[in-house]
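One structure is given here, and the rest of the page talks about it.
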Amino acid sequence: MTATLYMDYAASTPVDPAVAKAMADVLAGEAGTGNPAATHWAGQAAGQVVEQARVRVAALIGASPGEIVFTSGATEADNLAVIGAARFRRQLGRHIVTTLIEHPAVLESCRALEAEGFEVSYLPPDNQGILAAELVAAALRPDTILVSVAHVNNELGVVQPVAAIGEVCRRHGALLHVDAAQSAGRLPVDVRAQCIDLLALSAHKMYGPKGVGALFLDRERCRRVEPLFHGGGQERGLRPGTLPTHQLAGLGVAAELALQRLDSDVPAILALRERLEQGLLQVPGVQLNGHVTQRSCHIVNVSVDGVEGESLRCGLRDIALSSGSACAAESGEPSPVLRTLGRPDHVAQASLRFSLGRTSTMADVEASVAAFTATVARLRALAPA
Amino acid sequence: MTATLYMDYAASTPVDPAVAKAMADVLAGEAGTGNPAATHWAGQAAGQVVEQARVRVAALIGASPGEIVFTSGATEADNLAVIGAARFRRQLGRHIVTTLIEHPAVLESCRALEAEGFEVSYLPPDNQGILAAELVAAALRPDTILVSVAHVNNELGVVQPVAAIGEVCRRHGALLHVDAAQSAGRLPVDVRAQCIDLLALSAHKMYGPKGVGALFLDRERCRRVEPLFHGGGQERGLRPGTLPTHQLAGLGVAAELALQRLDSDVPAILALRERLEQGLLQVPGVQLNGHVTQRSCHIVNVSVDGVEGESLRCGLRDIALSSGSACAAESGEPSPVLRTLGRPDHVAQASLRFSLGRTSTMADVEASVAAFTATVARLRALAPA
Amino acid sequence: MGYPAAVLARFDAPPNAGAVAPGPGTVLRGQAGGTGEGVSVAFEFRVADGRIVAGAFRAFGCPYTIAACSLVAERLAGREARALAEFKPLGLADELELPAARRGRLLTIEDALRSCWRAWDNKGLAASNVSRSDP
Amino acid sequence: MGYPAAVLARFDAPPNAGAVAPGPGTVLRGQAGGTGEGVSVAFEFRVADGRIVAGAFRAFGCPYTIAACSLVAERLAGREARALAEFKPLGLADELELPAARRGRLLTIEDALRSCWRAWDNKGLAASNVSRSDP
Ligand SMILES: Cc1ncc(COP(=O)(O)O)c(C=O)c1O
Ligand SMILES: Cc1ncc(COP(=O)(O)O)c(C=O)c1O
């Protein structure tokens with residue numbers, strides 16, 4: 001193999017040229033110079049860009065602009081949601097419900113809260129990665145203040161029944177935080193219809209720039225959370241720091257494009273995924289991880305019998321793909337998510353996440369299938385009987 | 001007046017075209033697509049950009065690359081330094097020393113720490129805004145763990161005797177955090193020579209992009225602080241979240257340019273400032289705020305007798321300038337910093353911060369002086385006898 | 001700076017700033033506020049035949065204050081002198097898109113008008129050559 | 001993926017993978033590890049006249065393991081059979097730029113070599129037609 005293939009859209013996406021252009025335009029003009037907090041013309045020009053982005057992000061998830069707080073990405077937004085809401089509501093209760101397969105941004109936030117005296121129930125999904133709303137209902141206690149679930153799991157691509165979980169939370173009175181880093185722009189998100197109180201998203205998962213994201217806070221059910229840090233009072237004091245105008249312009253355009261393209265992107269990517277999945281599963285001893293149908297269009301995660309994971313990845317190194325979340329990558333450790341699904345360690349260790357996007361092609365898919373098939377065969381032939 | 005003038009470089013600077021180009025290049029290429037945490041070629045390309053930026057930022061302040069942690073800006077870096085160091089060293093003591101004229105990023109961090117059981121001494125500078133090292137020495141107690149001082153005050157431009165304060169801290173064993181948001185790239189900073197243990201800086205104050213900054217942590221004296229939030233373990237776990245490659249490329253180029261241009265920028269800006277200052281002070285009843293000589297090249301802060309502050313700013317609204325920090329702008333409240341210096345409220349309220357930068361011209365300065373002179377005269381004529 | 005266009009126009013070139021032009025009748029002066037309070041306004045009105053024939057103001061204050069003074073001086077011209085006692089500057093709040101927190105400025109203006117009225121009242125009692133309506 | 005070039009070259013097209021070619025002498029086989037441990041290696045060495053004339057390996061393991069096996073098979077060719085008892089794969093760590101945490105893999109390889117040696121030892125005792133040096 002000489003050509004490289006990008007099959008890691010779940011880790012990050014290329015920036016859409018329209019997004020890059022919007023960012024460059026801001027950077028070159030007075031809106032890029034002014035501090036959006038300043039009241040003079042340059043500050044106002046910046047402020048207009050910021051507010052336009054707020055409108056666009058809100059539109060993507062069915063929220064109002066005033067419910068959007070900008071952050072440095074989904075990691076920060078997840079922390080602000082989970083830690084911020086828990087600390088703010090500490091007097092109402094100290095119990096939090098989440099799942100065993102959350103992204104570290106949520107899992108580690110929960111661990112930090114445990115050190116502060118909160119109690120966290122980590123619910124196991126079924127062996128296809130799905131968390132039933134009934135499980136959440138059973139886990140709720142009078143002192144449960146918050147439930148946190150990722151809409152789409154970043155390793156498996158499974159889609160959780162967020163609306164059903166949201167209804168359960170509403171009935172109980174707990175807040176629902178949804179990590180939508182993988183789903184925003186990839187499947188429809190509607191905070192009202194899905195009974196979502198807090199939602200985190202990140203621009204770089206939807207063809208926007210890295211280093212910017214947003215937290216939605218339902219204006220009625222969750223006006224405030226405790227900020228993670230302090231300063232000049234930007235974003236209603238919930239998230240201080242000079243607002244990065246060009247980054248927000250990029251996020252805004254990315255959100256607008258995502259919404260516009262949802263109806264065409266999803267079937268196109270799904271068609272690629274189906275061929276990819278079929279090609280990969282055709283190789284004997286290859287197993288799909290995660291639910292077969294309740295899954296986002298962009299992720300295929302497979303485990304491979306009889307090959308060692310690191311060599312498998314090395315053999316496919318011209319393909320940018322991941323063995324789980326990019327963050328935990330290459331530690332050699334089997335993915336905790338796959339462990340949770342009951343895969344034996346040595347199988348979990350030989351797992352690959354292929355993820356597709358707007359700029360993926362059928363040729364990429366065919367080349368990936370061919371490379372995968374050849375590499376698995378070669379490594380198996382190399383192994384002792 | 002019809003043309004607009006930008007005189008608010010202390011609030012934010014225009015992005016240098018070389019910086020914008022570096023960012024656009026990253027955004028358009030594979031280094032921009034890959035997640036720097038990923039181990040594949042795209043991730044590695046991104047990682048190289050990130051590490052190059054780390055080298056450049058370190059060089060600007062005389063640090064080693066391994067001592068740099070990237071953040072979303074100086075607000076976050078200040079919080080990570082102050083709150084992070086205090087929480088991490090809580091067992092060693094609970095006393096913190098800072099000044100009354102810090103930026104809200106430091107002041108509000110200190111207030112938050114007070115709520116966690118820390119005790120904070122807010123030292124008053126003299127009436128020229130200078131904090132004597134002796135005052136710090138006198139404030140240190142056996143349980144003092146941290147001293148936090150801005151190198152250059154963002155409202156007055158005064159330069160604190162950081163090296164002397166650093167020596168005092170070293171002798172005592174307390175850490176010194178320096179908020180260098182206004183000084184990095186504007187005057188020489190050398191963390192070793194100045195005995196600085198932690199240092200915060202922000203790209204958008206030095207012709208780089210908004211929304212990215214860095215925290216320096218001295219590798220021997222302050223390896224760890226408690227992170228503000230949690231996630232995938234990036235930046236040694238001190239600051240998780242996908243690293244924004246293009247932003248860091250911009251920060252890196254901005255740092256490199258700042259270092260290269262320091263020797264030419266400073267005298268050029270100083271010459272402009274001198275004419276500006278002289279022109280403004282020529283108007284009767286105008287007073288300079290802050291020390292006359294211990295002041296950064298880029299800031300002139302004046303108080304004006306006999307005019308109302310908001311009308312003064314409105315009369316000069318074609319000039320982008322600030323009445324203090326951009327964050328607190330337009331609240332109409334007199335600046336707490338000027339209050340601290342002993343200015344009566346109605347004088348403090350009619351204060352303006354003009355700030356200059358690399359792209360300022362003598363024509364900007366002359367036009368500003370003329371507009372200021374005319375506006376003050378007009379408003380005074382309008383006032384009752 | 002989000003000032004309404006009408007406020008900015010009056011701020012930049014305020015009609016009726018300064019003193020009333022010389023002419024027949026009586027000039028009434030009134031003042032309220034102080035620079036220490038952040039707002040100080042002074043009015044002059046020339047009254048002839050019981051009517052305000054000209055108004056002028058001076059002001060130390062925010063752009064809303066200056067615009068409001070200018071507008072008040074304009075609106076009172078042509079009215080009967082008793083308008084100095086009756087005019088409610090608060091009625092201009094909407095026209096000036098005045099933020100709620102600034103309404104106090106209009107009360108300071110009202111105080112200054114009342115002080116003009118008291119001057120008129122005093123003068124009226126002293127000088128019978130001026131016709132006046134009932135107070 | 002930060003594998004050294006030498007490792008990648010052997011990983012991509014490992015010399016000595018598979019089985020030794022047929023020929024004179026004795027073929028010794030040895031194995032160590034297991035897929036459950038993440039590393040499983042097997043060697044074959046053809047020994048004739050007390051010397052290793054050919055070596056081959058099979059491996060289930062990381063790229064370092066595969067490269068190391070390939071290198072070991074290569075290095076042992078031409079040596080006396082007793083090298084199977086004496087060769088220290090850990091000596092290859094620097095050449096392979098092996099991360100410290102991976103050194104265990106070389107010990108597994110050593111185990112497999114020793115197991116070949118034991119096979120030789122057994123054979124040596126059984127078959128006097130094979131000349132051997134002292135163990
Ligand atoms: C589900 C999920 N949550 C959170 C994050 C963190 O987002 P960010 O990279 O913006 O910090 C990611 C991706 O990294 C993710 O996939
Ligand atoms: C002295 C000082 N500290 C901190 C900050 C905050 O920096 P940032 O805008 O990067 O959050 C600023 C500027 O806003 C500043 O001037």
Side-chain angles (χ1 to χ4, degrees), chain B residues 1-8 11 284-285 287 303-324 326 328-335 338-339 343-353 371-372 374-385, chain C residues 1-20 29-44 56-70 72-73 96-105 108-109 111-113 115-116:
Chain B
M1 228 187 316
T2 50
T4 53
L5 296 174
Y6 193 77
M7 302 289 270
D8 204 15
Q287 232 184 324
S303 288
V304 190
D305 247 6
V307 298
E308 192 275 337
E310 209 182 310
S311 280
L312 179 59
R313 291 195 294 282
C314 184
L316 295 171
R317 67 185 180 276
D318 289 338
I319 309 179
L321 44 69
S322 155
S323 50
E330 200 68 0
S331 67
E333 288 293 304
S335 146
L338 294 179
R339 272 191 170 167
R343 297 269 180 274
D345 275 6
H346 68 280
V347 173
Q349 203 256 350
S351 297
L352 298 175
R353 178 188 72 182
F372 174 82
T375 300
V376 170
R378 180 172 90 77
L379 291 175
R380 283 182 179 159
L382 202 60
Chain C
M1 301 190 203
Y3 300 106
V7 169
L8 283 179
R10 285 194 184 265
F11 171 81
D12 286 339
N16 313 310
V20 290
R29 296 196 171 81
Q31 199 274 339
T35 56
E37 304 163 30
V39 52
S40 166
V41 299
F43 285 95
E44 285 186 11
F57 77 98
R58 291 182 188 276
F60 172 100
C62 72
Y64 288 105
T65 305
I66 292 170
C69 287
S70 166
V72 164
L96 293 167
E97 298 174 41
L98 192 75
R102 310 286 178 103
R103 306 222 153 188
R105 321 266 158 130
T108 305
I109 292 175
D111 286 350
L113 297 182
S115 134
C116 293

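Chain letters run A, B, ... following the sequence lines, proteins first and then strands; every chain starts at 1.
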Only pairs of heavy atoms separated by less than 4.5 Å count here; which of C:C62, C:P14, C:A17 has the most with chain B? C:C62
Taking C:S40, C:G38, C:A101, C:C69 one by one, which has the highest count of heavy-atom pairs under 4.5 Å against chain B?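 Highest number of pairs under 4.5 Å: C:S40.
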Going by salt bridge (Lys or Arg N to Asp or Glu O under 4.0 Å), name the residues that satisfy it together with B:R380, two or more places apart in sequence or in a different chain.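 Applying salt bridge (Lys or Arg N to Asp or Glu O under 4.0 Å) to B:R380 gives none.
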Can you name the residues that form a salt bridge (Lys or Arg N to Asp or Glu O under 4.0 Å) with B:D305, not counting sequence neighbours?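 Per chain and number, B:D305 pairs via salt bridge (Lys or Arg N to Asp or Glu O under 4.0 Å) with no residue.
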Minimum side-chain heavy-atom gap B:P384-C:T35 below 4.5 Å: no
Validation row: C:T65, B:E308 side chains within 4.5 angstrom (heavy atoms): no
Which answer fits C:V41, side chain, backbone, both or neither, if we ask what part of it has an atom under 4.5 Å from a heavy atom of chain B? backbone
Examine whether an atom of B:A381 lies under 4.5 Å from a heavy atom of chain C, and if so say whether it belongs to the side chain, the backbone or both; otherwise answer neither.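 Contact with chain C is through the backbone of B:A381 alone.
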Between B:R378 and C:F11, is NZ or CZ placed under 6.0 angstrom from the six-membered ring centre and within 45° of the ring axis?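 Output yes; distance and angle both within limits.
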CZ/C:F60 to CG/B:L379 distance, rounded to the nearest 0.5 angstrom?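 Separation between the atoms: 9.5 Å.
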Rounded to the nearest 0.5 Å, how far does CG of C:D12 lie from CZ of B:R317?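 Spacing of CZ (B:R317) from CG (C:D12) equals 4.0 Å.
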State, to 0.1 Å, how close C:G61 and B:S311 come at their nearest heavy-atom pair, and which atoms those are. O-OG, 2.5 Å
